[in-house]
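Structure first, commentary second.
Note that the numbering runs from 1 along the sequence shown for the chain. When a ligand or atom number is given, it counts from 1 through the structure's own listing order.
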Amino acid sequence: MKQTRQIKVGPYILGSGNLVRVQSMCNTKTADTEATIKQILALENCGCEINRVAVPDMEAAKSLGTIIKAIHTPLVADIHFDYKLALEAVKQGISKVRINPGNIGDKAKVQEVVRACADKNIPIRIGVNAGSIKELKKFAGRPNWPNEKWAEVMVGEALEQAEVLEQLNFKNYLVSLKSDNVQRTILAAKLLAEKTDIPQHIGLTEAGSFMAGLVKSSIAMSELLRAGIGATIRISLTEDPKMQVRAAYEILKALKLREFGPEIISCPTCGRTQVDIAGAVKELEEKIYSDKELIKLSTGKKIAVMGCIVNGPGEARDADFGIAGGINEGLWFEKGEVKNKIPRADWIKKFTDKIKEK
Ligand code: SF4
């Protein structure tokens with residue numbers, strides 16, 4: 001496994017040997033502090049460990065201090081073009097700055113941002129997105145241009161930007177190399193890991209809708225995480241940011257890299273199903289994954305939501321507990337042993353009571 005240097009973001013040590021931390025990004029207007037705080041608190045409740053906000057103007061930059069005071073997790077300022085926004089974000093107490101030095105322009109301006117971050121021991125993420133690299137724009141209409149070439153150009157861009165920081169003896173940074181293409185993203189991240197010990201924030205970008213983005217991200221992230229690449233992760237989905245957090249944990253859980261909440265197994269339903277199983281699973285997941293205490297208490301448990309009593313309890317006999325649906329009710333079972341009937345309206349309460357049971 002590739003070793004990287006370590007950096008610190010808020011309370012978290014990132015880099016090899018440490019947990020891969022889950023990140024998301026608000027889709028509120030940052031200057032609307034009330035909405036942004038509300039969204040970050042909801043993201044924290046579903047397990048988001050690092051949040052990023054867009055800082056498109058000075059009004060947004062000056063709002064950061066108010067937001068930081070009201071939340072409990074490190075906040076990252078996403079800055080493009082105007083270095084003064086980065087300086088203001090640092091002044092406001094941000095925990096990390098994400099910049100693309102290439103679009104900040106003048107080297108002296110980048111240096112000023114780096115010095116401000118160094119003074120406050122704030123890490124920087126150099127965020128390279130394939131779509132914004134000038135050299136790659138000319139190949140946009142040439143899908144056959146080899147993925148290896150895309151990766152080389154992305155890594156070249158990242159190293160060029162990293163050199164600006166290194167020249168100032170600034171080592172407190174990560175790099176992300178994102179594209180909407182699974183292979184290009186994998187190749188770029190692996191190439192950077194081969195060449196350097198820089199920790200990486202991993203994810204695709206513009207990955208697509210919930211379904212398409214999740215499938216693409218799972219394939220790409222799985223390969224990188226198995227290779228030991230990834231200090232932080234964000235799953236890009238055109239969805240509620242809370243689902244990005246859920247998706248990241250599900251990937252990490254499936255690879256046994258993080259423990260987080262229960263394993264909920266549910267049947268695909270069939271002609272025997274007489275109750276809305278999909279609705280019940282959704283309701284149960286929403287209940288658990290909006291409550292930090294329920295997430296904690298249910299971690300390590302296996303919960304079953306099955307469609308019928310014919311096969312349900314038997315097929316889910318290794319679950320700690322579960323329900324097998326009938327008409328508007330279900331049979332409650334524990335470790336494969338059937339207990340009692342529960343009306344559909346009481347299922348979620350029964351699950352949460354059981355999770356809380358000592
Ligand atoms: S558990 Fe029952 S309802 Fe669900 S798929 Fe199997 S047979 Fe069908």
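Close contacts between ligand 1 and Arg272 involve ligand atoms 7 (S) [criterion: under 4.0 Å to a heavy atom].
Of the protein's non-hydrogen atoms, Cys270 SG, 2.3 Å is the one closest to atom 8 (Fe) of ligand 1.
The closest side-chain donor-acceptor pair between Gln274 and Asn328, if any, does not fall under 3.5 angstrom. No side-chain donor-acceptor contact under 3.5 Å links Thr33 and Thr66.
Taking every heavy atom of both residues into account, Thr36 and Lys29 meet most closely at OG1-O, 3.0 Å. Summarising the geometry of Pro74 relative to Glu49, their closest heavy-atom pair is CD-O, 3.2 Å, with the distance given to 0.1 Å.
Atom 8 (Fe) of ligand 1 does not have Cys308 among its coordinating residues (no N/O/S atom, backbone or side chain, under 2.8 Å).
When atom types are taken as modelled, the side chain of Ser176 and the backbone of Lys178 share no donor-acceptor pair closer than 3.5 angstrom.
Closest heavy-atom approach to atom 4 (Fe) of ligand 1 among the candidates Gly307, Gly271, Cys267: Cys267.
Remark: distances from the non-hydrogen atoms of Thr273 to ligand 1 include one below 4.0 Å.
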